[in-house]
Amino acid sequence: MATRNIRFIPREQSEEDRASISAPISFLGGESDPAGTAHHYLAQVLQIDRERIVSFGLDEEPMPTAKMANVQASTLTESSVVRFAQTVSAIPIFGSHIVVEVGPNNELVGVDADVANVEGTSPVAKLDGLDAAAKLAAWLGVDPTRVVSAEPPALVFFADEADRWHLAWLLTEIPIAPTDFRKSTPPHKGHSGSPRQRHPLLDYLVDAHDGELLFYYSRTPGARKPAQPVAIPVKCRGLDAQARAREFFGLAVSGGFELYDPLQRTRTYDFGGRDTAVDADVPEAAVRNPSADFGPHHAAAVSAHINVARVLDFLRSVLKRNGVDDEGMEVVSIVNCVDSGSETPPQWGNAVWWQNKMWYGQQPTAKGELLSYAVYLDVIGHELFHGVIEHTCGLIYKNQAGALNESFADIFGIIIANWYEAGPDSDVGLWNWEFLAGLGENGGPVRDLRDPTRTGDPDHMRTFLRTHEDEGGVHTNSNIHNKAAYNVLTATQAGARVFSPRDVAILYYMCLMRLPQAATFKKTLSVLLDVTAMVYSGDASDCERKVAAVRDAYSQVGIVITDA
């Protein structure tokens with residue numbers, strides 16, 4: 001095995017092990033220092049694990065070195081999730097997963113760590129970073145000067161699918177894809193192609209000993225935080241793209257009003273039918289109108305402005321998260337875009353998060369009128385949640401981790417859409433489980449969480465698709481996890497729902513914050529069971545009932561862990 005799992009949750013430990021874990025003296029009764037406290041607890045848990053290994057007569061392993069990566073403070077749980085990166089010989093373990101959660105009173109909530117043993121793999125590179133870039137350029141068939149990493153190439157230890165360790169150079173955000181990459185990542189059902197596919201960014205891992213290409217994956221859309229403006233919101237109104245009267249916040253500017261909401265930090269532009277394949281420069285000013293009544297003249301922009309604000313409102317009010325990056329970043333929307341690289345204007349059947357902005361196309365209705373993708377709240381929730389994933393656990397966009405990336409975006413896209421369309425905490429029996437309803441084959445949905453087989457997708461691990469296309473089937477295999485989440489949302493016992501939609505949203509968000517970068521379906525279930533047990537630990541019988549419901553929901557799709 002390339003790694004061993006160390007899991008320490010105080011409520012599940014023996015009295016002896018619990019007694020051996022003590023809070024750091026310097027923090028008792030003082031100010032909270034989640035990072036320092038977490039490191040203190042981690043050292044103690046690792047020591048307990050080391051002593052247990054030795055006592056079982058196994059070979060003693062050296063204590064792993066862990067360097068703090070980041071701290072995610074959660075208003076929702078009043079706890080802090082501290083991530084560490086394991087290093088060996090000062091070289092990071094790629095995708096290493098060491099999470100320590102510290103409560104509001106500096107108490108240990110839990111530790112979940114996958115500790116690597118790279119014994120036998122030389123930490124001395126035979127190739128330098130420039131050599132690795134040259135090897136990659138040769139493999140890509142391009143001039144070496146074109147292979148420029150966003151950050152200087154860095155050495156990491158990487159475990160391949162056969163659990164063999166390699167010393168590798170990591171080259172990040174390379175704007176060149178293999179020749180077969182676009183063929184293997186076609187537009188997924190219900191969407192046209194997009195500039196995000198035409199301008200891919202990939203990370204590559206090149207063996208530092210022999211120059212072999214070990215692994216590559218595309219970067220998921222990230223998010224950056226612009227400067228914070230100070231402004232007073234103004235109540236505005238107008239018709240959306242479905243001719244519904246809406247109220248929203250704008251900003252008073254010289255000569256009228258602008259689609260900028262200072263409260264939610266959303267800004268909306270109109271591309272005016274311009275082509276992203278030719279010009280992707282954002283217009284100079286956001287959509288403006290002489291009066292606070294925008295009427296029917298900016299319908300697509302009004303839809304985008306309102307729906308992005310809804311997603312951000314859900315993040316703040318339900319998940320207690322300060323926007324996509326949890327730091328209040330501004331979200332920019334651009335409507336009325338076309339993309340001649342994938343579809344004949346004025347049609348463009350897509351809405352994408354690209355260049356840290358939302359871009360919206362439009363498709364004809366049955367009446368032949370163009371309808372903006374800005375009306376689809378599930379799509380906007382899905383796309384913005386990719387940004388949330390980037391700023392929590394950063395799931396790698398390939399294989400099962402990539403399928404989970406898509407699935408979490410689907411799950412929250414559906415929850416958010418129903419939250420506003422069916423009502424907050426409404427009975428899920430009234431929900432619409434279709435993603436992009438009406439835009440799939442024969443007028444069906446693109447995906448259906450209740451019945452993935454409607455769209456030809458798997459709903460059980462026995463039909464898991466093994467493929468090199470679509471980053472390892474991320475848009476296909478995601479439906480297995482989607483179905484498991486549907487089972488959780490609709491679970492009943494004694495004729496009553498086990499969870500409210502708010503409960504499920506919180507559980508999945510807490511799970512996401514604690515997942516490793518290269519998570520699998522089984523690892524996700526394990527973490528979800530842990531957070532469920534933690535949330536409901538105040539009532540033993542209710543906790544047991546809810547944990548059993550989650551386990552059963554995943555068992556129905558063939559995701560089972562024997563050590564749960």
Side-chain angles (χ1 to χ4, degrees), residues 1-23 34 37-56 58 60-66 68-69 71-72 74 77 79-86 93 95-103 107-117 159 163 392-393 395 400-401 404 507-508 510-537 540 543-544 546-548 550-551 554 559-564:
M1 292 291 290
T3 61
R4 77 174 187 275
N5 181 253
I6 300 171
R7 182 174 172 275
F8 190 100
I9 299 175
R11 66 175 179 275
E12 298 178 359
Q13 306 304 315
S14 66
E15 289 187 15
E16 180 182 358
D17 281 351
R18 281 201 303 270
S20 65
I21 298 292
S22 60
T37 304
H39 193 276
H40 172 86
Y41 285 135
L42 177 62
Q44 294 184 80
V45 169
L46 290 176
Q47 183 61 40
I48 290 173
D49 182 74
R50 182 189 194 193
E51 291 171 353
R52 183 177 291 120
I53 288 174
V54 174
S55 70
F56 287 163
L58 301 177
E60 182 175 349
E61 297 183 19
M63 293 284 284
T65 302
M68 196 198 74
V71 180
Q72 298 180 83
S74 173
T77 60
S79 64
S80 294
V81 176
V82 184
R83 289 180 179 271
F84 294 87
Q86 183 187 353
I93 302 293
S96 63
H97 171 66
I98 301 176
V99 170
V100 181
E101 186 167 2
V102 179
E107 73 276 18
L108 175 63
V109 177
V111 174
D112 185 13
D114 295 320
V115 177
N117 181 356
D163 268 359
T392 48
C393 61
L395 288 165
Q400 283 196 29
L404 287 166
L507 291 175
Y508 274 102
M510 291 175 63
C511 175
L512 187 67
M513 290 182 70
R514 294 155 177 80
L515 284 181
Q517 194 178 18
T520 62
F521 290 172
K522 285 187 176 182
K523 183 64 176 182
T524 302
L525 172 57
S526 175
V527 175
L528 186 60
L529 289 171
D530 280 348
V531 298
T532 303
M534 180 177 69
V535 169
Y536 298 102
S537 59
C543 179
E544 184 178 353
K546 285 181 163 60
V547 167
V550 171
R551 186 178 289 111
Y554 276 72
I559 301 174
V560 179
I561 50 177
T562 56
D563 56 348

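- Note that CG of Leu529 and OH of Tyr554 are 8.5 Å apart. Values are rounded to the nearest 0.5 Å.
- Ala23 and His40 get closest at one heavy-atom pair: C-NE2, 3.8 Å.
- Residues Arg18 and Pro10 share a closest heavy-atom pair of CD-O, 3.1 Å.
- Summarising the geometry, atom OG1 belonging to Thr392 is positioned 8.0 Å from atom CG belonging to Leu515; distances are rounded to the nearest 0.5 Å.
- If you take NZ on Lys523 and CD1 on Ile559, they are separated by 14.5 Å, rounding to the nearest 0.5 Å.
- Not a single donor-acceptor pair under 3.5 Å links the side chain of Asp114 to the backbone N or O of Ile98.
- Between the side chain of Gln86 and the main chain of Ala116, a donor-acceptor pair closer than 3.5 Å is present.
- Between the Ser526 side chain and the Lys522 main chain, no donor and acceptor come within less than 3.5 Å of each other.
- A salt bridge links Arg4 with Asp49; the closest basic N to acidic carboxylate O contact falls under 4.0 Å.
- Under the 3.5 Å distance criterion, the side-chain polar atoms of Gln400 are matched with a main-chain donor or acceptor of Phe521.
- Closest of all the heavy-atom pairs between Leu395 and Ala519 is CD2-CB, 3.8 Å.
- Counting all heavy atoms, side chain and backbone alike, Val531 lies closest to Arg514 at CG1-CD, 3.6 Å.
- Closest of all the heavy-atom pairs between Arg7 and Gln13 is O-NE2, 4.0 Å.
- Every residue two or more places apart in sequence or in another chain that forms a ring-ring contact (aromatic ring centres under 6.0 Å, His included) with Phe84 is listed here: His39.
- Taking OH from Tyr41 and CG from Leu46, the interatomic distance works out to 15.0 Å, rounded to the nearest 0.5 Å.
- Each of Thr37, Leu42, Asp112, Val81 was checked for a side-chain contact (heavy atoms from CB on, under 4.5 Å) with Val100, and the lone residue meeting it is Leu42.
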For the pair Lys546 and Leu507, evaluate side chain to side chain contact (heavy atoms under 4.5 Å, CB included) and give the outcome as yes or no after the intermediate values. CA-CA 11 Å; Lys546 285 181 163 60; Leu507 291 175; over 6 Å; no
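- Note that the SG atom of Cys393 and the CZ atom of Arg83 stand 6.0 Å from one another [nearest 0.5 Å].
- How far CG of Asp17 is from CD of Glu12: 12.5 Å, rounded to the nearest 0.5 Å.
- Minimum interatomic distance between Ser96 and Ala85 (heavy atoms only, all atoms of both residues): OG-CA, 3.4 Å.
- His97 contributes no side-chain N or O that, together with a main-chain N or O of Ala518, makes up a donor-acceptor pair within less than 3.5 Å.
- Counting only heavy atoms from C-beta outward, the side chains of Val550 and Leu525 approach each other to under 4.5 Å.
- With sequence neighbours left out, Ser537 forms a side chain to side chain contact (heavy atoms under 4.5 Å, CB included) with no residue at all.
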